[in-house]
Number of protein chains: 2
Amino acid sequence: MSKKVERLPTAAELKILKVLWEAGPSTVREIHEIHKKEKTVRYTTVLRLLQNMHDKNFVRRDDSERSHIFSANLTEEETQTKLLRDLAERVFSGSTKQLVLRALSTSRASKAELAEIRELLAESTHESG
Amino acid sequence: MSKKVERLPTAAELKILKVLWEAGPSTVREIHEIHKKEKTVRYTTVLRLLQNMHDKNFVRRDDSERSHIFSANLTEEETQTKLLRDLAERVFSGSTKQLVLRALSTSRASKAELAEIRELLAESTHESG
DNA sequence: AGTATCGTACGATGACTGTCGTACGTCAAG
DNA sequence: CTTGACGTACGACAGTCATCGTACGATACT
């Protein structure tokens with residue numbers, strides 16, 4: 001019973017993961033320094049979040065030195081995908097298509113952005129056979 | 001200070017809302033009957049969720065009869081949009097475009113689905129000035 | 001009228017989140 | 001060696017969620 005359900009990072013955890021994705025393996029102090037610019041929390045709060053994420057296997061830790069080095073155990077893409085699937089499941093009856101349609105219909109995306117999306121879509125249409 | 005933060009429906013609340021969106025205004029008993037097919041919970045749990053959602057203004061209630069009639073105060077589209085924006089904010093730095101690209105790049109959407117998306121995208125491109 | 005059924009209100013509980021503060025060990029500088 | 005700065009562990013706590021059970025009023029059946 002080590003992993004019952006597939007857990008997803010919480011809001012606060014995501015903010016920490018973001019730092020790790022950008023900065024790469026870091027000490028708690030380093031993470032805290034960067035994180036502080038976005039939101040003010042105590043050092044031990046960041047530490048706690050990292051400990052929790054370690055329990056959940058979201059981060060790895062290298063404790064060979066006194067100041068442990070934490071690194072993300074999930075890629076950003078992977079995490080985005082998981083969270084998208086979760087949302088699709090919960091709110092779009094599992095349909096990614098519906099999710100995309102809704103996102104497009106309400107997005108204030110620029111023409112350039114839409115073009116970019118259309119382009120990727122064209123490729124995707126040809127590739128996936 | 002009635003509404004501090006914009007609240008979003010939780011997972012359990014969404015399941016109830018889904019029933020309301022499909023079935024329209026209903027009594028707790030009716031909602032419970034339908035909801036039961038998906039997940040087994042006690043009648044009072046459904047009632048509790050509806051009471052909480054009423055406090056949060058997610059549902060309206062007509063208590064003119066003994067059995068109160070609940071109805072959704074948010075449309076499904078509205079809710080989908082809000083949750084998408086929330087996810088975009090939390091995980092895609094606010095970029096709906098990035099969200100869509102990610103969703104497309106990992107979706108196992110069929111050709112027909114992709115075509116449909118592309119179509120809507122073409123319209124959208126022309127419409128939005 | 002008396003009782004069983006249906007309905008709502010609401011307290012209690014356990015899990016999880018996010019946040020701190022304190023305890024306590026280590027390491028370097030005086 | 002002593003002490004102060006730094007590091008991790010961890011208990012505490014308040015808020016939210018999801019779930020029940022119990023209390024109690026209203027309705028309907030006999």
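Proteins come first, then strands; the chains are lettered A, B, ... in the order of their sequence lines, and each starts at number 1.
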Distance test, side-chain N/O of A:Gln51 to OP1/OP2 of D:dT8, below 4.0 Å | no
In whole angstroms, how far is the C1' atom of D:dA18 from the NZ atom of B:Lys15?
-> 10 Å
Length of the CG-C1' vector between B:Leu47 and D:dT19, whole Å = 12 Å
Please state whether the phosphate of C:dG18, meaning OP1 or OP2, lies under 4.0 angstrom from any side-chain nitrogen or oxygen of A:Thr10.
-> yes
Measure from CG on A:Leu49 to P on D:dC10 and round the result to the nearest Å.
-> 16 Å
Do A:Trp21 and A:Leu49 share a hydrophobic cluster, counting only Ile, Leu, Val, Met, Phe, Trp and Tyr and linking them when any side-chain heavy atoms are less than 4.5 Å apart?
-> yes
Hey, are the side chains of B:Phe58 and B:Asn73 touching, using non-hydrogen atoms and a 4.5 Å cut-off?
-> no
For residues A:Met53 and A:Leu17, determine if any side-chain heavy atom of one lies less than 4.5 Å from a side-chain heavy atom of the other.
-> yes
Do B:Val59 and B:Ile69 share a hydrophobic cluster (ILVMFWY, side-chain heavy atoms under 4.5 Å, transitive)?
-> no
Can a side chain N or O of B:Thr45 be found less than 4.0 Å away from OP1 or OP2 on D:dC20?
-> yes
With a 4.5 Å heavy-atom cut-off, do B:Phe70 and B:Asp62 have their side chains touching?
-> no
Among the candidates D:dT8, D:dC17, C:dT19, find the nucleotide nearest to the side-chain atoms of A:His68.
-> D:dT8
A:Ser67 or B:Asn52, whichever maps to the more 5' nucleotide of DNA chain D = A:Ser67
Going by distance alone, is a donor N or O of one side chain under 3.5 Å from an acceptor N or O of the other, for B:Glu78 and B:Thr75?
-> yes
Check every atom of C:dG21, D:dT19, D:dT8 against the side chain of B:Ala12 and return the nucleotide holding the closest atom.
-> D:dT19
Spacing of B:Lys36 atom NZ relative to D:dC20 atom P, expressed in whole Å = 13 Å
Whole-Å gap separating P (C:dC10) and OH (B:Tyr43) = 15 Å
A:Leu8 or A:Thr40: which one's nearest nucleotide on DNA chain C is closer to the 5' end?
-> A:Leu8
Euclidean distance, atom CZ of residue A:Arg48 to atom P of C:dG21 [Å, nearest integer] = 14 Å
Going by an N to O cut-off under 4.0 Å, is there a salt bridge joining A:Glu6 and A:Lys82?
-> yes
Sugar-phosphate atoms are those with a prime plus P, OP1 and OP2; base atoms are the rest. Using that split, label each nucleotide of nucleotides 25-30 of chain D B, S or - for protein heavy atoms under 4.0 Å, 5' to 3'.
-> BBS---
Separation of atom CD in B:Glu30 from atom P in C:dT8, rounded to whole Å = 11 Å
Identify, between A:Val28 and B:Ala11, the residue whose nearest nucleotide on DNA chain D lies closer to the 5' end.
-> A:Val28
So, is B:Arg42 near the phosphate of D:dG21, with a side-chain N or O under 4.0 Å from OP1 or OP2?
-> yes
Please state whether the phosphate of D:dT19, meaning OP1 or OP2, lies under 4.0 angstrom from any side-chain nitrogen or oxygen of B:Lys39.
-> yes
Which nucleotide sits closest to the side chain of B:Arg7: D:dA9, D:dT16, C:dT8?
-> D:dT16
Using 4.0 Å as the upper bound for N to carboxylate O, is an ion pair formed by A:Glu13 and A:Lys56?
-> yes
To the nearest Å, how far apart are B:His54 NE2 and C:dT8 P?
-> 13 Å
